[in-house]
Amino acid sequence: MRPGAFRYLAATSLDEVLENLSELGDEVTLLAGGQSLIPLMNLRLARPEVLVDLNRVPGLAGIDLVDGELRIGAMVRAADVASDPIVTGSLPALARAAAFIGHPQIRNRTTIGGNISHADPSSELPGVLAAFEGSVTLKSLRGERRVGWDEFIVSTFTNSREADELVVDVRFPVRPGWSFAYDEVAPRHGDYPLAGICAGVQISDGIVRGMRLVAVGVSDRPVVLTGVAQFALGRELDAATIKELGKVGREEVSANDDAHASSEYRKWLVGTLINRILGNLVLEQR
Amino acid sequence: MKINGTHDDPVGIRADTRLLDYLRDQQGLRGTKEACGRGECGACTVLIDGRPVLSCITLAVRVDGDVETIEGVTAESAELRRQFAEHGAFQCGFCTPGQIVRGVALLRQGLPADDNALRAAISGNVCRCTGYSGIVSALRAAEENIAMADSGENS
(Lines give C-alpha, C1' and ligand atoms only; values in the text may rest on other atoms or scores of the structure.)
Protein backbone atom coordinates (compact mmCIF):
# COMPACT_ATOMS: atom_id res chain seq x y z
CA MET A 1 0.00 0.00 0.00
CA ARG A 2 2.70 2.45 -0.99
CA PRO A 3 2.76 4.67 -4.04
CA GLY A 4 4.95 3.82 -7.00
CA ALA A 5 7.95 6.03 -7.80
CA PHE A 6 7.36 9.45 -9.32
CA ARG A 7 9.18 12.72 -9.83
CA TYR A 8 8.16 15.25 -7.20
CA LEU A 9 8.20 18.99 -7.79
CA ALA A 10 7.44 21.20 -4.80
CA ALA A 11 6.36 24.40 -6.49
CA THR A 12 6.70 27.56 -4.43
CA SER A 13 5.01 30.02 -6.77
CA LEU A 14 2.09 30.12 -9.17
CA ASP A 15 4.47 30.94 -12.05
CA GLU A 16 6.52 27.86 -11.26
CA VAL A 17 3.39 25.65 -11.43
CA LEU A 18 2.32 27.20 -14.73
CA GLU A 19 5.82 26.74 -16.18
CA ASN A 20 5.86 23.08 -15.06
CA LEU A 21 2.45 22.56 -16.64
CA SER A 22 3.40 24.33 -19.85
CA GLU A 23 6.59 22.31 -20.19
CA LEU A 24 5.41 18.87 -19.05
CA GLY A 25 1.67 19.02 -19.82
CA ASP A 26 0.02 15.61 -19.59
CA GLU A 27 2.88 14.09 -17.60
CA VAL A 28 1.96 16.27 -14.62
CA THR A 29 -0.49 15.21 -11.94
CA LEU A 30 -1.36 18.05 -9.58
CA LEU A 31 -1.32 17.31 -5.85
CA ALA A 32 -3.83 19.43 -3.92
CA GLY A 33 -5.31 17.84 -0.77
CA GLY A 34 -4.40 14.35 -1.98
CA GLN A 35 -7.36 12.71 -0.24
CA SER A 36 -8.46 10.96 -3.44
CA LEU A 37 -5.16 10.94 -5.33
CA ILE A 38 -2.89 9.41 -2.66
CA PRO A 39 -5.27 6.50 -1.92
CA LEU A 40 -5.37 5.83 -5.68
CA MET A 41 -1.56 5.96 -5.75
CA ASN A 42 -1.30 3.67 -2.70
CA LEU A 43 -3.50 1.17 -4.53
CA ARG A 44 -1.41 1.72 -7.70
CA LEU A 45 -4.55 2.69 -9.58
CA ALA A 46 -2.82 6.00 -10.29
CA ARG A 47 0.83 6.06 -11.41
CA PRO A 48 1.71 9.70 -12.02
CA GLU A 49 5.04 10.41 -13.70
CA VAL A 50 5.44 13.87 -12.22
CA LEU A 51 3.68 15.16 -9.15
CA VAL A 52 3.52 18.94 -8.81
CA ASP A 53 2.70 19.79 -5.20
CA LEU A 54 0.48 22.86 -4.80
CA ASN A 55 0.61 22.94 -1.00
CA ARG A 56 3.39 25.51 -0.79
CA VAL A 57 2.07 27.80 -3.52
CA PRO A 58 0.95 31.12 -2.07
CA GLY A 59 -2.14 32.93 -3.33
CA LEU A 60 -4.47 29.94 -3.71
CA ALA A 61 -6.14 30.08 -0.30
CA GLY A 62 -8.36 33.14 0.12
CA ILE A 63 -12.12 33.33 0.69
CA ASP A 64 -13.75 36.63 -0.29
CA LEU A 65 -16.82 38.26 -1.78
CA VAL A 66 -16.07 40.06 -5.07
CA ASP A 67 -18.50 41.44 -7.65
CA GLY A 68 -21.47 39.56 -6.20
CA GLU A 69 -19.61 36.27 -6.13
CA LEU A 70 -18.10 34.19 -3.37
CA ARG A 71 -14.56 33.46 -4.56
CA ILE A 72 -12.82 30.56 -2.85
CA GLY A 73 -9.16 29.85 -3.58
CA ALA A 74 -8.59 26.39 -5.04
CA MET A 75 -6.48 25.24 -2.06
CA VAL A 76 -9.01 26.15 0.65
CA ARG A 77 -9.69 23.02 2.74
CA ALA A 78 -13.17 21.53 3.06
CA ALA A 79 -13.02 22.01 6.86
CA ASP A 80 -12.54 25.74 6.28
CA VAL A 81 -15.30 25.92 3.66
CA ALA A 82 -17.58 24.30 6.27
CA SER A 83 -16.71 26.75 9.05
CA ASP A 84 -15.54 30.03 7.48
CA PRO A 85 -17.82 32.90 8.63
CA ILE A 86 -17.98 34.40 5.11
CA VAL A 87 -19.20 31.07 3.70
CA THR A 88 -21.60 30.26 6.54
CA GLY A 89 -22.93 33.83 6.37
CA SER A 90 -23.41 34.18 2.61
CA LEU A 91 -23.77 30.60 1.33
CA PRO A 92 -24.78 28.34 4.24
CA ALA A 93 -25.80 25.56 1.81
CA LEU A 94 -22.19 25.34 0.59
CA ALA A 95 -20.87 25.18 4.17
CA ARG A 96 -23.35 22.42 4.99
CA ALA A 97 -22.47 20.45 1.86
CA ALA A 98 -18.75 20.71 2.69
CA ALA A 99 -19.46 19.26 6.14
CA PHE A 100 -20.82 16.10 4.45
CA ILE A 101 -17.46 15.36 2.76
CA GLY A 102 -15.73 12.31 4.25
CA HIS A 103 -14.86 12.62 7.92
CA PRO A 104 -12.97 15.27 9.92
CA GLN A 105 -9.49 13.97 9.04
CA ILE A 106 -10.38 14.02 5.32
CA ARG A 107 -11.97 17.47 5.48
CA ASN A 108 -8.83 18.89 7.07
CA ARG A 109 -6.95 18.10 3.83
CA THR A 110 -9.46 17.97 0.98
CA THR A 111 -9.46 21.15 -1.09
CA ILE A 112 -12.37 22.72 -2.92
CA GLY A 113 -10.38 23.02 -6.16
CA GLY A 114 -9.24 19.42 -6.01
CA ASN A 115 -12.69 18.14 -5.07
CA ILE A 116 -14.42 19.89 -7.96
CA SER A 117 -11.67 19.06 -10.47
CA HIS A 118 -11.77 15.38 -9.48
CA ALA A 119 -15.39 15.44 -10.71
CA ASP A 120 -16.50 12.45 -8.69
CA PRO A 121 -20.17 12.05 -9.65
CA SER A 122 -21.12 11.36 -6.03
CA SER A 123 -19.29 14.37 -4.66
CA GLU A 124 -21.26 17.14 -2.97
CA LEU A 125 -19.48 20.30 -4.08
CA PRO A 126 -19.89 19.93 -7.87
CA GLY A 127 -23.64 19.69 -7.23
CA VAL A 128 -23.62 22.87 -5.17
CA LEU A 129 -21.54 24.62 -7.85
CA ALA A 130 -24.13 23.51 -10.42
CA ALA A 131 -27.06 24.71 -8.30
CA PHE A 132 -25.52 28.17 -8.01
CA GLU A 133 -24.46 28.14 -11.68
CA GLY A 134 -20.93 28.81 -10.52
CA SER A 135 -17.63 28.69 -12.37
CA VAL A 136 -13.93 28.00 -12.01
CA THR A 137 -10.99 30.20 -12.99
CA LEU A 138 -8.28 28.48 -15.00
CA LYS A 139 -4.82 29.94 -15.41
CA SER A 140 -1.99 29.05 -17.76
CA LEU A 141 0.99 30.84 -19.27
CA ARG A 142 -1.37 31.62 -22.17
CA GLY A 143 -3.70 33.59 -19.91
CA GLU A 144 -6.76 33.19 -17.72
CA ARG A 145 -10.30 32.05 -18.46
CA ARG A 146 -13.52 31.53 -16.57
CA VAL A 147 -15.41 28.33 -17.28
CA GLY A 148 -18.96 27.65 -16.11
CA TRP A 149 -19.60 24.44 -14.13
CA ASP A 150 -21.54 22.93 -17.06
CA GLU A 151 -18.54 23.15 -19.36
CA PHE A 152 -15.97 22.29 -16.68
CA ILE A 153 -17.51 19.11 -15.28
CA VAL A 154 -17.66 16.69 -18.20
CA SER A 155 -18.34 13.26 -16.69
CA THR A 156 -17.01 10.77 -14.13
CA PHE A 157 -13.49 11.92 -13.08
CA THR A 158 -13.28 14.11 -16.19
CA ASN A 159 -13.13 17.88 -16.44
CA SER A 160 -12.35 20.19 -19.34
CA ARG A 161 -9.10 21.62 -17.98
CA GLU A 162 -6.35 21.82 -20.63
CA ALA A 163 -3.09 20.08 -19.75
CA ASP A 164 -1.27 23.39 -19.17
CA GLU A 165 -3.97 24.93 -16.98
CA LEU A 166 -4.44 25.20 -13.22
CA VAL A 167 -7.70 25.80 -11.36
CA VAL A 168 -6.94 28.84 -9.20
CA ASP A 169 -10.36 29.54 -7.71
CA VAL A 170 -13.99 28.45 -7.61
CA ARG A 171 -16.78 31.03 -7.76
CA PHE A 172 -20.35 30.90 -6.51
CA PRO A 173 -22.67 33.77 -7.48
CA VAL A 174 -24.49 35.11 -4.43
CA ARG A 175 -28.20 35.21 -5.31
CA PRO A 176 -30.10 37.78 -3.23
CA GLY A 177 -33.67 36.76 -2.47
CA TRP A 178 -32.88 33.05 -2.96
CA SER A 179 -32.59 30.40 -0.26
CA PHE A 180 -30.40 27.36 -0.88
CA ALA A 181 -30.02 24.10 0.99
CA TYR A 182 -28.15 20.84 0.61
CA ASP A 183 -29.02 17.41 1.97
CA GLU A 184 -28.13 13.83 1.14
CA VAL A 185 -28.60 10.19 2.08
CA ALA A 186 -25.49 8.07 2.62
CA PRO A 187 -25.05 4.62 4.20
CA ARG A 188 -23.05 6.31 6.97
CA HIS A 189 -22.18 9.96 7.59
CA GLY A 190 -19.07 10.67 5.54
CA ASP A 191 -19.65 7.99 2.93
CA TYR A 192 -20.37 9.00 -0.62
CA PRO A 193 -24.08 9.76 -0.89
CA LEU A 194 -26.44 7.39 -2.68
CA ALA A 195 -28.19 10.60 -3.67
CA GLY A 196 -27.84 14.25 -2.72
CA ILE A 197 -29.84 17.34 -3.62
CA CYS A 198 -28.88 20.99 -3.69
CA ALA A 199 -31.96 23.18 -4.02
CA GLY A 200 -32.49 26.90 -4.33
CA VAL A 201 -35.82 28.75 -4.27
CA GLN A 202 -36.87 32.32 -4.72
CA ILE A 203 -40.22 33.01 -3.10
CA SER A 204 -42.13 36.27 -2.91
CA ASP A 205 -45.69 36.74 -1.61
CA GLY A 206 -45.70 33.02 -0.90
CA ILE A 207 -45.28 32.19 -4.61
CA VAL A 208 -42.27 30.42 -6.18
CA ARG A 209 -40.58 32.86 -8.58
CA GLY A 210 -37.50 30.75 -9.25
CA MET A 211 -36.21 27.29 -8.43
CA ARG A 212 -33.00 25.43 -9.11
CA LEU A 213 -32.60 21.76 -8.19
CA VAL A 214 -29.50 19.64 -8.75
CA ALA A 215 -29.02 15.96 -7.92
CA VAL A 216 -25.65 14.30 -7.27
CA GLY A 217 -24.79 10.62 -6.94
CA VAL A 218 -27.33 9.53 -9.52
CA SER A 219 -25.49 9.97 -12.82
CA ASP A 220 -21.98 10.60 -14.23
CA ARG A 221 -22.22 14.29 -13.34
CA PRO A 222 -24.58 16.64 -11.45
CA VAL A 223 -28.08 16.56 -12.94
CA VAL A 224 -30.19 19.72 -13.14
CA LEU A 225 -33.84 18.83 -12.53
CA THR A 226 -35.49 21.40 -14.79
CA GLY A 227 -38.87 19.64 -14.79
CA VAL A 228 -39.30 20.10 -11.04
CA ALA A 229 -38.32 23.76 -11.27
CA GLN A 230 -40.77 24.36 -14.15
CA PHE A 231 -43.57 22.66 -12.25
CA ALA A 232 -42.95 24.79 -9.16
CA LEU A 233 -42.97 28.19 -10.88
CA GLY A 234 -45.96 30.33 -9.93
CA ARG A 235 -47.14 27.91 -7.26
CA GLU A 236 -47.36 28.15 -3.53
CA LEU A 237 -45.11 25.68 -1.69
CA ASP A 238 -47.80 24.07 0.44
CA ALA A 239 -47.60 20.49 1.65
CA ALA A 240 -49.49 19.07 -1.36
CA THR A 241 -47.27 20.90 -3.89
CA ILE A 242 -44.08 19.82 -2.14
CA LYS A 243 -45.28 16.24 -2.19
CA GLU A 244 -46.08 16.54 -5.89
CA LEU A 245 -42.64 18.07 -6.60
CA GLY A 246 -40.99 15.05 -5.00
CA LYS A 247 -42.97 12.85 -7.35
CA VAL A 248 -42.04 14.97 -10.39
CA GLY A 249 -38.37 14.74 -9.37
CA ARG A 250 -38.57 10.99 -8.90
CA GLU A 251 -40.00 10.59 -12.38
CA GLU A 252 -37.69 13.12 -14.04
CA VAL A 253 -34.36 11.75 -12.81
CA SER A 254 -32.75 8.72 -14.39
CA ALA A 255 -30.52 7.10 -11.81
CA ASN A 256 -27.67 4.60 -11.95
CA ASP A 257 -27.91 1.04 -10.72
CA ASP A 258 -24.89 -0.20 -8.82
CA ALA A 259 -23.81 -2.40 -5.92
CA HIS A 260 -24.78 0.28 -3.40
CA ALA A 261 -28.33 1.02 -4.52
CA SER A 262 -30.79 0.24 -7.29
CA SER A 263 -31.93 2.86 -9.74
CA GLU A 264 -35.43 2.67 -8.24
CA TYR A 265 -34.15 3.29 -4.73
CA ARG A 266 -32.07 6.26 -5.87
CA LYS A 267 -35.11 7.78 -7.61
CA TRP A 268 -37.12 7.31 -4.45
CA LEU A 269 -34.34 9.05 -2.46
CA VAL A 270 -34.38 11.99 -4.88
CA GLY A 271 -38.11 12.42 -4.27
CA THR A 272 -37.71 12.11 -0.51
CA LEU A 273 -34.83 14.60 -0.44
CA ILE A 274 -36.81 17.11 -2.50
CA ASN A 275 -39.70 16.82 -0.03
CA ARG A 276 -37.40 17.17 2.95
CA ILE A 277 -35.35 20.11 1.64
CA LEU A 278 -38.27 22.14 0.30
CA GLY A 279 -40.25 21.52 3.49
CA ASN A 280 -37.35 22.83 5.57
CA LEU A 281 -36.79 25.83 3.28
CA VAL A 282 -40.45 26.82 3.62
CA LEU A 283 -40.28 26.45 7.41
CA GLU A 284 -37.18 28.66 7.50
CA GLN A 285 -38.94 31.39 5.54
CA ARG A 286 -41.77 31.64 8.04
CA MET B 1 8.71 20.03 10.05
CA LYS B 2 8.62 19.37 13.77
CA ILE B 3 7.87 15.93 15.18
CA ASN B 4 6.57 15.89 18.75
CA GLY B 5 8.23 19.22 19.42
CA THR B 6 11.63 18.37 17.91
CA HIS B 7 12.81 19.95 14.68
CA ASP B 8 13.27 17.47 11.93
CA ASP B 9 14.40 18.16 8.39
CA PRO B 10 14.05 14.99 6.40
CA VAL B 11 17.03 15.44 4.07
CA GLY B 12 17.16 13.09 1.13
CA ILE B 13 13.80 11.54 1.91
CA ARG B 14 12.18 9.80 -1.06
CA ALA B 15 9.19 11.66 -2.42
CA ASP B 16 7.08 8.50 -2.41
CA THR B 17 7.52 8.01 1.36
CA ARG B 18 4.25 8.37 3.20
CA LEU B 19 4.28 10.28 6.47
CA LEU B 20 3.17 7.04 8.15
CA ASP B 21 6.26 5.15 6.91
CA TYR B 22 8.55 8.03 7.74
CA LEU B 23 7.27 8.11 11.33
CA ARG B 24 7.34 4.35 11.84
CA ASP B 25 10.40 3.23 9.87
CA GLN B 26 12.70 6.21 10.01
CA GLN B 27 11.72 7.81 13.30
CA GLY B 28 10.91 4.60 15.14
CA LEU B 29 7.53 5.98 16.23
CA ARG B 30 5.57 2.76 15.91
CA GLY B 31 2.47 3.89 17.80
CA THR B 32 0.91 5.18 14.60
CA LYS B 33 -0.73 2.19 12.91
CA GLU B 34 -1.50 1.23 9.34
CA ALA B 35 -4.76 -0.61 8.80
CA CYS B 36 -6.57 0.26 5.55
CA GLY B 37 -3.75 2.24 3.94
CA ARG B 38 -6.17 4.33 1.93
CA GLY B 39 -7.63 6.94 4.21
CA GLU B 40 -10.77 5.19 5.36
CA CYS B 41 -10.17 3.93 8.88
CA GLY B 42 -8.26 6.54 10.93
CA ALA B 43 -5.77 4.13 12.57
CA CYS B 44 -2.89 6.27 11.23
CA THR B 45 -4.30 9.58 12.56
CA VAL B 46 -1.69 12.15 13.61
CA LEU B 47 -2.04 15.86 14.28
CA ILE B 48 -0.51 18.42 11.95
CA ASP B 49 -0.69 21.91 13.46
CA GLY B 50 -3.30 20.56 15.86
CA ARG B 51 -5.58 19.19 13.13
CA PRO B 52 -6.12 15.45 12.82
CA VAL B 53 -5.00 14.10 9.43
CA LEU B 54 -4.33 10.67 7.99
CA SER B 55 -0.62 9.87 7.73
CA CYS B 56 -1.17 6.98 5.29
CA ILE B 57 -2.39 9.37 2.58
CA THR B 58 -0.01 12.22 3.36
CA LEU B 59 3.39 12.36 1.67
CA ALA B 60 6.14 13.14 4.18
CA VAL B 61 7.83 15.61 1.81
CA ARG B 62 4.84 17.89 1.79
CA VAL B 63 4.56 18.32 5.55
CA ASP B 64 5.68 21.69 6.89
CA GLY B 65 3.91 21.94 10.22
CA ASP B 66 4.10 20.52 13.73
CA VAL B 67 3.42 16.80 13.68
CA GLU B 68 2.15 15.17 16.89
CA THR B 69 1.92 11.39 17.16
CA ILE B 70 0.53 9.21 19.93
CA GLU B 71 4.03 9.22 21.49
CA GLY B 72 3.91 13.03 21.61
CA VAL B 73 0.63 13.21 23.51
CA THR B 74 1.48 10.64 26.20
CA ALA B 75 1.13 13.02 29.15
CA GLU B 76 -1.81 14.92 27.71
CA SER B 77 -3.74 11.74 26.99
CA ALA B 78 -3.14 10.08 30.37
CA GLU B 79 -6.67 10.68 31.66
CA LEU B 80 -8.27 9.74 28.33
CA ARG B 81 -6.29 6.48 28.21
CA ARG B 82 -7.33 5.72 31.78
CA GLN B 83 -10.96 6.25 30.82
CA PHE B 84 -10.57 4.06 27.72
CA ALA B 85 -9.56 1.24 30.05
CA GLU B 86 -12.28 2.11 32.55
CA HIS B 87 -15.08 2.15 29.94
CA GLY B 88 -14.00 -0.80 27.83
CA ALA B 89 -13.31 1.49 24.89
CA PHE B 90 -11.02 -1.01 23.19
CA GLN B 91 -10.65 -4.71 22.75
CA CYS B 92 -7.93 -5.58 20.25
CA GLY B 93 -6.43 -2.10 20.63
CA PHE B 94 -5.23 -1.64 17.06
CA CYS B 95 -7.35 1.45 16.40
CA THR B 96 -6.71 2.89 19.87
CA PRO B 97 -3.68 5.14 19.14
CA GLY B 98 -5.67 6.80 16.34
CA GLN B 99 -8.72 7.08 18.59
CA ILE B 100 -6.64 8.67 21.36
CA VAL B 101 -4.92 11.15 19.02
CA ARG B 102 -8.31 12.12 17.58
CA GLY B 103 -9.71 12.35 21.12
CA VAL B 104 -6.88 14.63 22.26
CA ALA B 105 -7.65 17.06 19.42
CA LEU B 106 -11.35 17.00 20.36
CA LEU B 107 -10.67 17.54 24.06
CA ARG B 108 -8.50 20.54 23.20
CA GLN B 109 -11.39 22.25 21.45
CA GLY B 110 -14.09 20.89 23.78
CA LEU B 111 -16.33 17.95 22.94
CA PRO B 112 -19.56 18.65 21.04
CA ALA B 113 -22.39 18.68 23.61
CA ASP B 114 -24.64 16.50 21.44
CA ASP B 115 -23.80 12.78 21.34
CA ASN B 116 -24.68 12.52 17.65
CA ALA B 117 -22.29 15.37 16.88
CA LEU B 118 -19.62 13.66 18.98
CA ARG B 119 -20.15 10.40 17.09
CA ALA B 120 -19.87 12.32 13.79
CA ALA B 121 -16.66 13.91 15.05
CA ILE B 122 -15.08 10.50 15.69
CA SER B 123 -16.58 8.94 12.54
CA GLY B 124 -13.16 9.00 10.87
CA ASN B 125 -11.84 6.45 13.36
CA VAL B 126 -13.20 2.99 12.73
CA CYS B 127 -13.30 0.44 15.55
CA ARG B 128 -14.38 -3.08 14.68
CA CYS B 129 -14.53 -4.31 18.29
CA THR B 130 -16.40 -1.95 20.57
CA GLY B 131 -19.44 -0.45 18.89
CA TYR B 132 -18.27 3.03 19.97
CA SER B 133 -20.43 3.43 23.10
CA GLY B 134 -17.39 2.86 25.28
CA ILE B 135 -15.35 5.34 23.27
CA VAL B 136 -18.04 8.02 23.58
CA SER B 137 -18.44 7.51 27.33
CA ALA B 138 -14.65 7.44 27.84
CA LEU B 139 -14.33 10.79 26.05
CA ARG B 140 -17.12 12.29 28.18
CA ALA B 141 -15.63 10.98 31.42
CA ALA B 142 -12.15 12.21 30.49
CA GLU B 143 -13.44 15.69 29.73
CA GLU B 144 -15.33 15.80 33.01
CA ASN B 145 -12.37 14.59 35.06
CA ILE B 146 -9.93 16.96 33.35
CA ALA B 147 -12.31 19.88 34.03
CA MET B 148 -12.66 18.79 37.67
CA ALA B 149 -8.91 18.49 38.08
CA ASP B 150 -8.46 21.96 36.54
CA SER B 151 -11.02 23.58 38.82
CA GLY B 152 -9.43 21.78 41.78
CA GLU B 153 -6.07 23.27 40.91
CA ASN B 154 -7.54 26.74 40.55
CA SER B 155 -9.41 26.78 43.85
Are there more than 12 heavy atoms of other residues, nucleotides or ligands under 6.0 Å from atom CD of Glu144(B)? no
Can you check whether Pro52(B)'s main-chain N or O pairs, donor with acceptor, with Asn108(A)'s side chain at less than 3.5 Å? yes
Does any heavy atom of chain A fall under 4.5 Å from the side chain of Arg62(B), the backbone, both, or neither of them? both
Structural part of Ala5(A) lying under 4.5 Å from a heavy atom of chain B: both
Filtered by a 4.5 Å non-hydrogen cutoff, the part of residues 114-126 of chain B contacting chain A is Ala120(B), Ala121(B), Ser123(B), Gly124(B), Asn125(B)
So, are Arg51(B) and Asp80(A) salt-bridged, with charged N and O less than 4.0 Å apart? yes
Under 4.5 Å to a heavy atom of chain A? For Glu34(B) that would be side chain
Of all the heavy-atom pairs spanning Phe6(A) and Ala15(B), show the shortest one and how long it is. CZ-O, 3.4 Å
Taking a cut-off of under 4.5 angstrom between non-hydrogen atoms, the residues of residues 27-44 of chain A near chain B are Leu31(A), Ala32(A), Gly33(A), Gly34(A), Gln35(A), Ile38(A), Pro39(A), Asn42(A), Leu43(A)
At a heavy-atom separation under 4.5 Å, does Leu59(B) approach chain A through its side chain, its backbone, both, or neither? side chain
Counting only heavy atoms not in Asp258(A) (residues, nucleotides, ligands), do more than 12 fall under 6.0 Å from its CG? yes
Close contacts, residues 65-89 of chain B versus chain A, judged by heavy atoms under 4.5 Å: none
Please walk me through it: do Asn55(A) and Val63(B) pass side chain to side chain contact (heavy atoms under 4.5 Å, CB included)? CA-CA 9 Å; Asn55(A) 287 280; Val63(B) 179; over 6 Å; no
Can we say Asp16(B) and Arg2(A) salt-bridge, meaning some charged N sits less than 4.0 Å from an Asp/Glu carboxylate O? no
The reported gap from NE2 in His103(A) to OG1 in Thr45(B) (rounded to nearest 0.5 angstrom) is 8.0 Å
Is the number of heavy atoms from other residues, nucleotides or ligands under 6.0 Å of Arg56(A) CZ greater than 12? yes
Counting a contact as any heavy-atom pair under 4.5 Å apart, which residues of residues 46-53 of chain A contact chain B? Leu51(A), Asp53(A)
